[in-house]
4 protein chains.
Amino acid sequence: MTSTSRRGHDRTEAIMRTMLELGRETGYARLSIEAVARRAGVGKHTVYRRWTSKGALLLDSLLSLHRHDLDYPDTGDVRADLRAQIHRVADLMTAPPFGPLFRALVAEAQHDPDVATALHAQFTRPQEERTVARLNTARDRGELSPDFDLDLAMAILSGPLYFRFLITREPLTHEYVDQVLDALFAGMGPR
Amino acid sequence: MTSTSRRGHDRTEAIMRTMLELGRETGYARLSIEAVARRAGVGKHTVYRRWTSKGALLLDSLLSLHRHDLDYPDTGDVRADLRAQIHRVADLMTAPPFGPLFRALVAEAQHDPDVATALHAQFTRPQEERTVARLNTARDRGELSPDFDLDLAMAILSGPLYFRFLITREPLTHEYVDQVLDALFAGMGPR
Amino acid sequence: MTSTSRRGHDRTEAIMRTMLELGRETGYARLSIEAVARRAGVGKHTVYRRWTSKGALLLDSLLSLHRHDLDYPDTGDVRADLRAQIHRVADLMTAPPFGPLFRALVAEAQHDPDVATALHAQFTRPQEERTVARLNTARDRGELSPDFDLDLAMAILSGPLYFRFLITREPLTHEYVDQVLDALFAGMGPR
Amino acid sequence: MTSTSRRGHDRTEAIMRTMLELGRETGYARLSIEAVARRAGVGKHTVYRRWTSKGALLLDSLLSLHRHDLDYPDTGDVRADLRAQIHRVADLMTAPPFGPLFRALVAEAQHDPDVATALHAQFTRPQEERTVARLNTARDRGELSPDFDLDLAMAILSGPLYFRFLITREPLTHEYVDQVLDALFAGMGPR
DNA sequence: AAATAATCGAGACGGTACGTCTCGTCTTTAC
DNA sequence: GTAAAGACGAGACGTACCGTCTCGATTATTT
């Protein structure tokens with residue numbers, strides 16, 4: 001790796017670190033690219049060169065934090081693995097800095113299609129796919145009714161979580177997650 | 001009605017109308033209170049006197065449009081009523097100006113607790129309560145298992161809809177609504 | 001005096017009193033008619049009904065304070081009377097609230113011809129005339145050269161005082177006044 | 001001159017030119033920094049970056065016009081030089097744009113100590129000093145009484161001029177200036 | 001005593017400007 | 001030759017006053 005790209009990498013890191021720092025202090029919605037550049041000791045151009053919008057920087061900062069925290073466990077027990085995984089996601093969404101950052105990012109995505117696309121492609125969809133893959137495994141093993149739409153199942157698992165997170169702002173407790181899971185498997189189970 | 005409150009009421013209406021108008025043209029996120037006031041032919045203070053933030057004005061404009069569109073039908077067939085009602089909500093969320101306006105409002109709520117509270121109190125919660133009341137009626141009639149948590153049922157109905165609306169941005173078709181409903185009643189039915 | 005005009009008079013007094021009060025606290029330039037009305041517990045209209053501008057109110061408040069402080073003494077010794085009188089004017093200009101108020105009024109007069117005219121007619125000119133009348137008496141008594149222009153003499157007495165007050169902002173000491181007077185009489189005395 | 005300061009210098013010039021332009025059209029008191037920026041095709045920040053207040057901009061615009069118009073002539077005849085110089089100042093104060101601009105500036109100085117200081121330091125005091133220097137020369141040559149205070153003489157020359165300009169608003173004719181000068185030299189001459 | 005008229009406080013209203021902030025682009029300077 | 005530093009035009013922020021206006025509630029005068 002050349003020293004230039006090393007240097008470039010340093011700035012990238014520094015800017016994302018400052019974004020998270022300032023975000024916790026100021027709130028992710030209130031903060032400006034101008035302020036991030038100032039605090040990071042970096043020219044505004046250096047930020048604009050790397051990210052096209054505040055949302056894009058927000059997304060990268062989020063992923064830099066937790067890109068690998070969302071790998072599913074694999075114990076052989078599909079239902080237990082799902083439960084464990086959703087507990088982890090719920091915990092993540094609850095705690096700073098991920099929670100508020102993700103909240104801000106979803107807000108940003110509502111009026112910035114680029115952010116919406118990137119967020120979906122890099123965060124939401126991979127999660128969905130892994131969940132659906134697990135459900136698929138379970139169905140193959142006969143733990144699930146073969147005619148139940150797995151995308152729908154995934155939506156029924158995720159939807160209530162996001163609903164609480166974005167709309168009612170109630171806490172994402174493990175109990176709640178378990179309730180949803182149990183309800184789903186009750187309806188989804190083989191007859 | 002006195003002429004003062006008449007006058008006051010006129011401005012209030014005019015400002016909300018302009019907000020909806022400008023929103024459709026410009027996009028709700030892009031628009032400024034300044035622009036709304038200018039277009040409505042009204043001093044900025046006259047807006048700030050009525051609403052504390054852009055979000056508050058957004059919410060009132062939304063409610064002025066559809067405050068009464070969300071009353072449940074009552075045909076005696078609870079499941080059919082629920083279905084009809086959710087279809088109406090899905091249609092509303094799909095079409096402008098309600099759809100984009102509501103999307104912008106949810107985004108605003110993510111960083112403005114006042115908006116979040118007001119949105120929940122004036123829009124989301126009433127919907128929830130009416131849905132839960134219907135489910136309650138159905139349970140009383142023996143159409144639902146007596147030990148199923150009705151708040152959870154409501155969340156399983158609403159969550160996937162909001163998930164599609166806010167996260168995956170797929171269309172809120174009647175088919176999708178029906179799928180969710182069927183899945184829920186399958187798991188929820190009396191054994 | 002009728003009770004209506006009594007009432008009216010009360011407000012007039014109250015407003016001018018508040019103007020002086022607020023002026024001392026806030027500075028005469030910073031203060032708004034709005035603030036005066038608010039503090040005086042009076043509708044804005046009640047102020048605008050009486051005065052056409054802030055300058056007009058300023059002038060009336062000034063005159064209400066010191067309308068009668070500027071009557072010349074008359075001891076028979078013209079030069080001593082002049083000296084005593086100018087000392088009094090200098091003292092007045094030095095001390096609040098008259099000094100700052102008068103300063104603000106002169107400033108206001110620079111861009112408001114109505115204020116300029118009123119200030120000149122009601123304050124400056126009467127002073128001038130009394131000074132010239134005294135000088136006239138002195139000339140009649142042979143204390144002054146008969147061919148010296150008395151308006152010019154008055155300007156030479158007043159000018160340096162205003163120059164210090166408005167331009168250099170040095171203190172208007174009795175010593176300075178005496179110097180000017182002595183210089184004037186030296187040049188003006190009969191040969 | 002580097003191209004940065006070139007660019008900066010261009011804006012500075014353009015803003016001051018616009019200030020003078022707008023001032024003549026609108027009146028210096030009526031005009032806003034906002035209007036100057038708009039007319040000059042410049043962001044408001046670009047004005048605020050250079051001047052802290054309207055008064056400061058006013059002063060710089062004034063000085064940009066006539067910084068070098070006030071150098072004394074030097075013919076060897078001190079009294080004639082003084083007369084010529086004061087005639088020039090009187091003419092300057094009479095004619096737009098200097099006259100109204102200077103008037104507005106003096107008004108501004110009455111409630112803005114920074115403007116007062118700057119105006120005195122950059123305009124009034126240099127004039128004073130040059131006048132006093134001339135008077136000093138005259139005294140050295142025996143044209144003036146050695147015991148006459150020269151600062152006082154300067155005040156007696158300037159005061160009546162400012163008095164007419166600011167208070168009575170009578171025209172600053174050469175005749176008037178000559179009268180003042182003659183009166184001063186009559187009193188000041190060697191005995 | 002009732003009717004009429006004037007005055008008042010309160011403050012809404014359309015405007016305009018304030019001085020600050022951020023946007024995204026563009027220049028210059030320094031390492 | 002790449003950044004930092006930050007100037008720049010643009011324009012929104014939320015606040016303050018302007019001077020005009022409308023409103024009911026007192027007062028005062030007239031009938």
Side-chain angles (χ1 to χ4, degrees), chain A residues 2-5 7-8 10-11 30-38 40-54, chain B residues 2-12 14 30-38 40-54, chain C residues 2-8 10-11 14-15 30-38 40-54, chain D residues 2-12 14-15 30-38 40-54:
Chain A
T2 69
S3 68
T4 300
S5 66
R7 184 153 60 118
D10 286 351
R11 322 268 179 191
R30 239 100 43 210
L31 104 205
S32 60
I33 290 189
E34 195 126 12
V36 172
R38 206 182 306 129
V42 135
K44 284 164 67 175
H45 226 56
T46 306
V47 180
Y48 281 110
R49 203 176 290 126
R50 287 168 167 74
W51 295 278
T52 53
S53 68
K54 194 173 95 175
Chain B
T2 69
S3 67
T4 299
S5 64
R6 185 90 279 277
R7 185 159 57 123
H9 187 252
D10 285 353
R11 321 278 173 174
T12 305
R30 238 97 45 209
L31 108 204
S32 61
I33 290 189
E34 193 130 10
V36 172
R38 205 183 303 128
V42 135
K44 284 165 66 174
H45 213 54
T46 304
V47 180
Y48 283 110
R49 201 180 288 125
R50 288 168 167 72
W51 295 279
T52 51
S53 68
K54 199 173 92 174
Chain C
T2 69
S3 65
T4 299
S5 63
R6 183 90 276 278
R7 181 158 60 124
D10 285 353
R11 321 274 175 181
I15 292 165
R30 240 98 45 208
L31 105 204
S32 60
I33 290 188
E34 195 129 10
V36 172
R38 205 184 306 129
V42 135
K44 284 165 67 175
H45 226 56
T46 305
V47 180
Y48 282 109
R49 203 177 289 125
R50 286 167 168 74
W51 295 278
T52 53
S53 68
K54 195 173 96 175
Chain D
T2 69
S3 66
T4 299
S5 61
R6 186 89 280 277
R7 182 161 59 125
H9 187 251
D10 285 352
R11 322 278 175 175
T12 304
I15 292 165
R30 238 100 42 210
L31 106 202
S32 60
I33 290 188
E34 192 130 13
V36 172
R38 205 184 304 128
V42 135
K44 284 164 66 174
H45 217 53
T46 304
V47 181
Y48 281 109
R49 202 178 291 124
R50 286 168 168 71
W51 295 279
T52 52
S53 68
K54 198 173 92 173

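Here is how names work: the chains are called A, B, and so on, in the same order as the sequence lines, proteins then strands, and each is numbered from 1. Values below: all heavy atoms of this structure, side chains included; hydrogens, waters and symmetry mates excluded.
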* Any idea which heavy atoms bring A:L31 and A:V36 closest together, and the distance? -> CG-CG2, 4.2 Å
* Asked: Pick the nucleotide of DNA chain E nearest each of D:I33 and A:T52; which residue has the one closer to the 5' end?
  -> D:I33
* Would you indicate, yes or no, if F:dA3 has its OP1 or OP2 atom less than 4.0 angstrom from a side-chain nitrogen or oxygen of A:R11? => no
* Structure fact -> Distance col, row C:W51:CH2 vs C:I33:CD1, nearest 0.5 angstrom, shows 9.5 Å
* Relative to the 5' end of DNA chain E, which residue comes earlier, D:A35 or C:A40, by the nucleotide with the nearest heavy atom? -> C:A40
* Residue-phosphate contact under 4.0 Å: B:R38 side-chain N/O, F:dA12 OP1/OP2 -> yes
* Structure fact -> B:R38 meets the side chain to side chain contact (heavy atoms under 4.5 Å, CB included) criterion, sequence neighbours left out, with B:E34, B:A35
* To do: Round to a whole Å and report the spacing from CD1 of C:I15 to C1' of E:dG9.
  => 12 Å
* Any side-chain N or O of C:R49 less than 4.0 Å from the OP1 or OP2 oxygen of E:dT7? -> no
* From E:dT22, F:dG14, F:dC8, nucleotide with atom closest to A:E34 side chain -> E:dT22
* Asked: Closest approach of B:A14 and B:A40, non-hydrogen atoms and distance?
  -> O-CB, 4.4 Å
* Select base, sugar-phosphate, or nothing to describe what A:R30 touches, counting heavy atoms under 4.0 Å on all strands. => nothing
* Taking only the side-chain heavy atoms of B:S32 (C-beta and beyond), determine which of F:dA12, E:dT22, F:dC18 contains the nearest atom. => F:dA12
* So which of residues 41-48 of chain D are in contact with DNA chain E, with a heavy-atom cut-off of under 4.0 Å? -> D:K44, D:H45, D:Y48
* **From CA spacing to verdict: side chain to side chain contact (heavy atoms under 4.5 Å, CB included), C:V47, C:K44** => CA-CA 5 Å; C:V47 180; C:K44 284 165 67 175; 5.8 Å; no
* To do: Please check the phosphate of E:dC8 (OP1 and OP2 only) for any side-chain N or O of C:R50 closer than 4.0 Å.
  => yes
